[in-house]
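Worksheet for the structure shown next.
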Amino acid sequence: MTNDARLTVAGIRADLAAKKISARELVTEYRSRIDRENPGLNAYLALSPERAFAQADRIDRMVERGAELPPLAGLPLAVKDVIATRGIPTTCGSRILEGYRPPYDATAVERLEQAGAMVLGKTNCDEFAMGSSNENSAYGPVRNPVAPDRVPGGSSGGSAAAVAAGLAVAALGTDTGGSVRQPGAFCGIPALMPTYGRVSRYGLVAFASSLDRIGPMTNTVADAAALLGVIAGHDPHDATSAAVPVHDYTAEIEKRVAGLRIGVPREYFGEGMDAEVRAKVEAGIALLERLGCRRVEVEMPHTDYAIATYYVIATAEASSNLARYDGVRYGVRAPADSLAAMYRKTRGTGFGAEVKRRIMLGTYALSTGYYEAYYLKAQKVRTLIARDFQQAFEKADLLVTPTSPTPAFRLGERTTDPLAMYLADIYTVTGSLAGVPGISVPCGRTAEGLPVGLQIFGPHFREDLVLRLAHAFERAGGSQV
Amino acid sequence: MESGISPDVLARYEAIIGLEVHAQLKTASKIFCACSTRFGDPPNSNVCPVCLGLPGTLPVINRRAVELAVRASLALNAQVQERSRFARKNYFYPDLPKGYQISMYELPLATAGWLEIEFDGQVKRIGITRLHMEEDAAKALHEGFPDSDRATYIDYNRCGTPLVEIVSEPDLRTPAEAQAYLEELKQTLEYIEVSDCNMEEGSLRCDANVSVRPRGDGKFGTKTEVKNLNSFRYLARALEYEIERQIAALEQGERILQETRLWNVAAGRTETMRSKEHAHDYRYFPEPDLLPVMIDAVWKQEILEAMPELPAAKRKRFVAEYGLTGYDARVLSATRELADYFEAVAGAGAAAKSAANWIEGELLRRLKESGSATPAERIAPAELAALIGRVESGEITAASGKRVFARMFETGEPAAKIIEAEGFGQISDSGEIERVVREIMEREPGNVAKYRAGNEGVLKFFVGQVMRATRGQANPQLVNETVKRLLAG
């Protein structure tokens, strides 16, 4: 196993079964990589060696017994720090949850462990997943392993960097407005946002409940398919998780893509878009056409309103979701001599600037007298944006767009301009609002060597189609277009 | 209030009252998690990540809680909405672990219901604006700990207990009407087994909206909300106080401030809790973690079919079916248990009117004295019917019956056994009675002579002596006859 070896889910399972390597060796190897690389990257916030080794030993005993190995046997996995892990610090990148260890596991984590994955640790992220660069973490920014002076994207920047740097074979990220797809694009790895309701949110610390989704970030599309197959499906702990049957994604991705109609919405190729990104995405679309896909032009007229709509809804929900961090039951409490002062000091010192900005925006949007003008209006526009997708999917099987208007930007470049930061999500928030599945898949690199991401949207619960096209694109050399 | 307002002044005004009643639903588990709702367990023993609002947890609705709330809605003649929706009510308090309460707002479970109250012999229909579901908060314990001067303890056991909030129309005009409404509501909820309605344990809680206006005015005055009216007595007293306070203020040319007031039990007055300026902006919005509550016609029908007979219907039936007076019907239907008991006694062969008398008299008195609640545990309905039968047939006297009843109540033994064992059987043996009468006549020759001289009043004296000698067990009619016959010589 060399330093830059890119292991895959299927490869690890086969090597374990063939006894070419043990699960314990894998954990040891990834531990030493993390020890070596993480101080520079700051991708991990906490490590969970006991849990990883205990799981490794279980897997190794299965190998010894000659038992059938579970689908993700021996998978070195990183988990974004907004996802609850029993006994392992879960800070959400925030001071206010410093030292907090949940007494329970998120359903997705539980399912991945049951399927044989080994949780190496928790990855850095923007505080409460609010950000597009990972610079809003209370525990310092993450560097992009491809270009260390650049951001890895956000908010799942730590997960993207860990996978891209070979410090995990797969990671869980979360996507509210682009937080899985955009860092995937910036770090050059596939990153999937499943349909809203496809994967249980139980244990995902809420930012915006109607938008939050857990998704896999991996080295290959096939690995994303394997992870999704494990975490997808109804969960009795999440009323919004859907009882829709789960596809065999690993089998589905091998199906033909020739004849698929790929819709290209012109609204996603407007001003503010980097010329190199445009060129790479066009080249990517051309590659898909060479694979037999049929390009169709589609219109999505409400795209322009997506950022405003998103920031009203997401902040409104966040203002309520983050009310529980009051210093009363867990996390950090700032001492004070009255209840009101304790609240003010705890929240005033515990939250970072961006989180406070969003709580204030959301509080405003829900206040009496403004609710109709902001929150209610935004919900109506959200319906129109969802209708855009519905109508586009009448003409096309899938939609293809850039993931981000630019490649990874420099650390510190946008931190003083929140609006410029919000615009980094311009192509991703639409799919978030519509609830549809989307993936970012590597689509060439700029002259400077920065990865570009191609985004593929599919209809609700059609991850099979999204993954199929992404897999074909990857296999046809999409990352080198 | 010692306001000193003259009755003439008070009479010029009219009060407008609406009640907001919270009732805990009688489910085994909490509204959004599987924790027990049991009252009185050690603090913080019935809690889990969900009801503690730990980061990442999600609520899942308890279907039974929805069923009970729909049952309450139907019992209150309300329109159950096909689609209702939970909403978040946002405010900070340590007893609220998520920083918001999951309640219902713009789409409540049911609307436009009513409940009839009987008051001063009049039936009045009180409108019910809405009924919605919500979760209860935890209990803040401000007293009873060594460091209570510096710290508040919180017991999260109650947190997440399912509640229904029932909001009445401002249709009530007097404290007594408000009390009658609350009583009728409580009885209804108890009947349909939706809630225990135990005000001491807090499973039924009441707030009131109160305003006054000069009689004849069409417009409502400015209202205040009075909280903490958690017993029938406090409800009436607080309303009386608040109404007089408002009238006194208006009489002095002041304006009523729209505010929330708290009933101070110790001081016996309402006090400002927060003014309108400081009213919370709860920033309600639809709860994104829960799907809308959908109640289709089939489910509604199922719930309707499982609905027990309501108090008002039962009262009407008792009058029609058993020939009871309205008063008896009301007393006997006070609780479902008592009503069922009455019907069981009547069903076991006792005459309805006699059963009613025994239950309303002896049984209720003894239950009250002994502080017990469950009549059937004391005397099986068939046994009470048997006792009533013995008295009605003349086998034992009414006086003996009461004594047998007392023994039955204490021991739980059957009537027949007590009557036999303790010699309560009525003496109907004419030979035995004749022997006693002769004995007394021998002892009282003077009185015998008086009778025979025409003083018939002496007859009563002899009868009384016989009854005394037989400890009241002699058949009175037989004694009368025997005394008359023997005195006649």
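A note on names: the letters A, B, ... follow the listed sequences, proteins ahead of strands, and every chain is numbered from 1. Note that the coordinates shown come from a computational prediction; the quantities given were computed from them, not determined experimentally.
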B:F285 versus chain A, heavy atoms under 4.5 Å apart: side chain, backbone, both or neither?
-> both
A:L339 vs B:P94 side-chain heavy atoms within contact, under 4.5 Å = yes
Which pair of heavy atoms, one from A:Y104 and one from B:G56, lies closest together, and at what distance?
-> OH-C, 3.1 Å
A:V205, part contacting chain B, at a heavy-atom distance under 4.5 Å = both
Using the six-membered ring wherever Trp is involved, compare the ring planes of B:F92 and A:Y343 and label them parallel, tilted or perpendicular (cut-offs 30° and 60°).
-> tilted
In terms of heavy-atom contacts, B:L58 and A:H237 come closest through CB-O, 3.6 Å
For each of A:S200, A:S210, A:G203, tally heavy-atom pairs with chain B at distances under 4.5 Å, and name the one with the top tally.
-> A:G203
Is the shortest heavy-atom distance from the side chain of B:V50 to the side chain of A:Y202 under 4.5 Å?
-> yes
Side-chain heavy atoms of B:P55 within contact of A:Y325, under 4.5 Å | yes
With only heavy atoms counted, which part of B:I154 is less than 4.5 Å from chain A, the side chain, the backbone, both or neither?
-> side chain
B:P49 versus chain A, heavy atoms under 4.5 Å apart: side chain, backbone, both or neither?
-> side chain
Indicate yes or no: at least one non-hydrogen side-chain atom of B:D289 is less than 4.5 angstrom from one of A:R201.
-> yes
Should we say atom OH of A:Y371 is surrounded by more than 12 heavy atoms from elsewhere, each under 6.0 Å from it?
-> yes
Does the side chain of B:P288 come within less than 4.5 Å of A:E317's, by heavy atoms?
-> yes
Identify which part of A:F207 has an atom lying under 4.5 Å from any heavy atom of chain B, answering side chain, backbone, both or neither.
-> neither
Is it the side chain or the backbone of B:Y284 that comes within 4.5 Å of chain A heavy atoms, both, or neither?
-> backbone
Are side-chain heavy atoms of A:N321 and B:Y100 found at a separation under 4.5 Å?
-> yes
Check the side chains of B:R283 and A:S367 for a donor-acceptor pair under 3.5 angstrom, ignoring hydrogens and angles.
-> no
Is there a donor-acceptor pair under 3.5 Å between the side chain of B:R88 and the backbone N or O of A:S320?
-> no
Give the member of B:G99, B:G53, B:P97 that has the highest number of heavy-atom pairs under 4.5 Å with chain A.
-> B:P97
